[in-house]
Protein chains: 2
Amino acid sequence: MAKKSKSEQSSTTMTDVEWVIMNVVWEQEPCAAGTVQEALDESHGWAYSTVKTTMDRMVTKGLLTRKAIRNLNLFSSAISPDKARRSELKRLLRRAFNGALTPMLQFLVEEEELGPEEIQQLRALIRQADRKSG
Amino acid sequence: MAKKSKSEQSSTTMTDVEWVIMNVVWEQEPCAAGTVQEALDESHGWAYSTVKTTMDRMVTKGLLTRKAIRNLNLFSSAISPDKARRSELKRLLRRAFNGALTPMLQFLVEEEELGPEEIQQLRALIRQADRKSG
DNA sequence: TTGACGTCACTACAAATGTAGTGTAATAAT
DNA sequence: ATTATTACACTACATTTGTAGTGACGTCAA
């Protein structure tokens, strides 16, 4: 069996640590590893090398880009928050809801505690979507 | 730092392979590893030992239970589909939407192509939820 | 020009994951 | 009983993930 080509990753699957880091990058890009480490120090307390190693791997995976300036590595995101979110959602859909969107929405509405406010907001969202597409 | 107690897992985080297997178990439980392997043969082509090993690990993790009858291992799920889904959803929420439900709903409604039918269904779901909770 | 300090590139390593082989023991068919 | 078939328990192993240490090197202030 031919090994999968790997030239294109585009799968955009991020691990937990990668998500945490990516969220910071999206806010601060372009940014150095140290910046990210500091931003996450309180909440996670990771060593500089932990953050740096992960970011290096993310470059390899095509999740981040790196631009070296003098002695500094500036990282930027290679995928948008929306793309990452969509990708993650798709994965969840596939794994947990057999790929069907409506059952997931149903689950969210029924099982997850949707408070009255959230229901209102959702109604508004639907109105908008409906207006746009209908 | 005290190593995490591990006595209770309850984190219910499943890997990709585990989800695939779990979906079969939910449909056929109690069932033997061979049954699961056969059910997934066409779609995934995994070896018996692959399925078996994974299911053994799932028992260790508390995702499945095992009951031996004669020479047979009958596996059953230890968590419900709903619990697993909720857990997966929560994880997605946390990672990709900073834990906030509404933005995720917004994303689903706006970014994901919600067709007219789906919008109708969603409306109905909301009506029901609203009636029940309000 | 000499430190102090930040940053880099490398290396390391245990645990989790994906995937499977194998010898052996139980069962079923003859 | 003998054989063919199953299923079992174990072991194995490459990757990926989580997390970090280290020595070298660039930079900036004294």
Side-chain angles (χ1 to χ4, degrees), chain A residues 1-6 9 11-24 28 30-41 43-75 88 91 95, chain B residues 1 3-6 9 11-25 28 30-41 43-64 66-75 88 91 94-95:
Chain A
M1 181 162 298
K3 88 180 57 166
K4 97 184 77 155
S5 82
K6 163 195 162 7
Q9 41 44 262
S11 51
T12 329
T13 295
M14 287 191 279
T15 69
D16 277 313
V17 189
E18 286 169 351
W19 264 102
V20 172
I21 288 177
M22 193 57 123
N23 278 317
V24 175
Q28 320 243 333
C31 57
T35 308
V36 176
Q37 190 273 318
E38 280 160 27
L40 296 170
D41 194 31
S43 54
H44 294 79
W46 289 326
Y48 166 85
S49 53
T50 298
V51 174
K52 181 62 168 31
T53 301
T54 305
M55 291 178 82
D56 286 343
R57 287 176 183 167
M58 291 171 81
V59 171
T60 303
K61 286 190 186 182
L63 295 170
L64 295 180
T65 57
R66 180 210 316 268
K67 183 178 187 79
I69 297 184
R70 311 277 276 168
N71 189 32
L72 202 57
N73 274 295
L74 283 184
F75 295 87
E88 200 72 42
R91 186 182 179 200
R95 286 164 32 127
Chain B
M1 181 164 298
K3 87 180 60 167
K4 96 182 79 153
S5 83
K6 163 194 164 5
Q9 43 44 260
S11 52
T12 329
T13 295
M14 288 190 278
T15 69
D16 276 313
V17 188
E18 286 169 352
W19 264 102
V20 172
I21 287 176
M22 194 57 123
N23 278 317
V24 175
V25 173
Q28 320 243 332
C31 57
T35 307
V36 175
Q37 190 272 320
E38 280 160 27
L40 296 171
D41 194 30
S43 55
H44 294 79
W46 288 327
Y48 166 85
S49 54
T50 298
V51 174
K52 180 62 166 34
T53 302
T54 304
M55 292 178 80
D56 287 344
R57 287 179 184 165
M58 290 170 81
V59 171
T60 303
K61 285 189 185 181
L63 295 170
L64 294 181
R66 179 209 317 266
K67 184 177 186 80
I69 298 185
R70 310 277 276 166
N71 188 34
L72 202 59
N73 274 293
L74 283 184
F75 295 87
E88 200 72 44
R91 186 181 178 199
R94 187 174 5 99
R95 285 164 31 128

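This structure is a prediction, so every number in the text was calculated from the model and none was measured. Lettering follows sequence order; numbering is per chain, from 1.
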Distances under 3.5 Å only, N/O to N/O: pair up the protein atoms with those of nucleotides 1-3 of chain C.
none

How close do [X] and [Y] get, heavy atom to heavy atom, and via which atoms?
{"X": "B:Ala33", "Y": "B:Lys52", "result": "CB-CD, 3.7 Å"}
{"X": "B:Leu74", "Y": "B:Ala32", "result": "CD2-N, 3.8 Å"}
{"X": "A:Thr54", "Y": "A:Thr50", "result": "OG1-O, 2.9 Å"}
{"X": "A:Val24", "Y": "A:Ala39", "result": "CG1-CB, 3.9 Å"}

- prompt: If each of B:Met14 and A:Thr35 is mapped to the nucleotide of DNA chain C with the nearest heavy atom, which maps nearer the 5' terminus, i.e. the 5' end?
  reply: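 Upstream on the strand: A:Thr35.
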Pairs: protein N or O with nucleotides 24-30 of chain C N or O, under 3.5 Å:
{"unit_1": "C:dT27", "atom_1": "OP1", "unit_2": "B:Arg70", "atom_2": "NE", "d": "3.4"}

Set of residues satisfying salt bridge (Lys or Arg N to Asp or Glu O under 4.0 Å) with respect to A:Arg66, sequence neighbours excluded: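 Once residues adjacent in sequence are excluded, the partners of A:Arg66 under the salt bridge (Lys or Arg N to Asp or Glu O under 4.0 Å) criterion are A:Asp56.
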task: Sequence neighbours left out, what passes salt bridge (Lys or Arg N to Asp or Glu O under 4.0 Å) with B:Glu18? Give chain and number order.
output: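 Once residues adjacent in sequence are excluded, the partners of B:Glu18 under the salt bridge (Lys or Arg N to Asp or Glu O under 4.0 Å) criterion are B:Lys61.
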- prompt: Given A:Asn73 and A:Met55, is the side chain to side chain contact (heavy atoms under 4.5 Å, CB included) satisfied, shown in steps?
  reply: CA-CA 11 Å; A:Asn73 274 295; A:Met55 291 178 82; over 6 Å; no
Nearest-angstrom distance from the residue atom [atom1] of [X] to [atom2] of [N]:
{"X": "B:Ile21", "N": "C:dT17", "atom1": "CD1", "atom2": "P", "value": "13 Å"}
{"X": "B:Asp41", "N": "C:dT19", "atom1": "CG", "atom2": "P", "value": "14 Å"}
{"X": "A:Glu18", "N": "D:dT19", "atom1": "CD", "atom2": "C1'", "value": "13 Å"}
{"X": "A:Gln37", "N": "C:dC5", "atom1": "CD", "atom2": "C1'", "value": "14 Å"}
{"X": "A:Asp16", "N": "C:dA15", "atom1": "CG", "atom2": "P", "value": "19 Å"}
{"X": "B:Leu63", "N": "C:dT17", "atom1": "CG", "atom2": "C1'", "value": "14 Å"}
{"X": "B:His44", "N": "C:dG18", "atom1": "NE2", "atom2": "C1'", "value": "12 Å"}
{"X": "B:Met58", "N": "C:dT17", "atom1": "CE", "atom2": "P", "value": "11 Å"}

- request: Could you check A:Arg95 against B:Asn23 for side chain to side chain contact (heavy atoms under 4.5 Å, CB included), going step by step and ending with a plain yes or no?
  value: CA-CA 9 Å; A:Arg95 286 164 32 127; B:Asn23 278 317; 6.0 Å; no
Pairwise 5' ranking along DNA chain D for A:Val51 and B:Ala33, keeping only the more 5' one: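 In this pair, the answer is B:Ala33.
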Polar-atom pairs under 3.5 Å, protein N or O versus N or O of nucleotides 9-14 of chain C: list them with distances, or write none.
{"unit_1": "C:dA9", "atom_1": "OP1", "unit_2": "A:Asn73", "atom_2": "ND2", "d": "3.4"}
{"unit_1": "C:dA9", "atom_1": "OP2", "unit_2": "A:Lys52", "atom_2": "NZ", "d": "2.8"}
{"unit_1": "C:dA9", "atom_1": "OP2", "unit_2": "A:Asn73", "atom_2": "ND2", "d": "3.3"}

- prompt: Rounded to the nearest 0.5 Å, how far does OG1 of B:Thr12 lie from CE of B:Met22?
  reply: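 Result: 9.0 Å between the selected atoms.
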query: Could you state the interatomic distance from CE (B:Met14) to CD1 (B:Ile21), rounded to the nearest 0.5 Å?
result: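 Here the rounded value is 10.5 Å.
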message: I'd like to know whether B:Met58 forms a side chain to side chain contact (heavy atoms under 4.5 Å, CB included) with B:Phe75, so could you lay out the CA-CA distance, the side-chain angles of the two residues, the decisive distance to 0.1 Å, and finally the verdict.
response: CA-CA 10 Å; B:Met58 290 170 81; B:Phe75 295 87; over 6 Å; no
- request: Give a yes/no answer on whether the side chain of A:Lys61 brings an N or O atom under 4.0 Å of OP1 or OP2 in D:dT15.
  value: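 It does not, given that no N or O in the side chain of A:Lys61 lies less than 4.0 Å from OP1 or OP2 of D:dT15.
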- prompt: Is A:Thr50 near enough to D:dG18 that one of its side-chain N or O atoms lies under 4.0 angstrom from OP1 or OP2?
  reply: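 Result: no.
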message: Taking side chain to side chain contact (heavy atoms under 4.5 Å, CB included) as the definition, give me every residue that meets it alongside A:Val20, ordered by chain and number, with sequence neighbours left out.
response: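 Applying side chain to side chain contact (heavy atoms under 4.5 Å, CB included) to A:Val20 gives A:Leu40, A:His44, A:Trp46.
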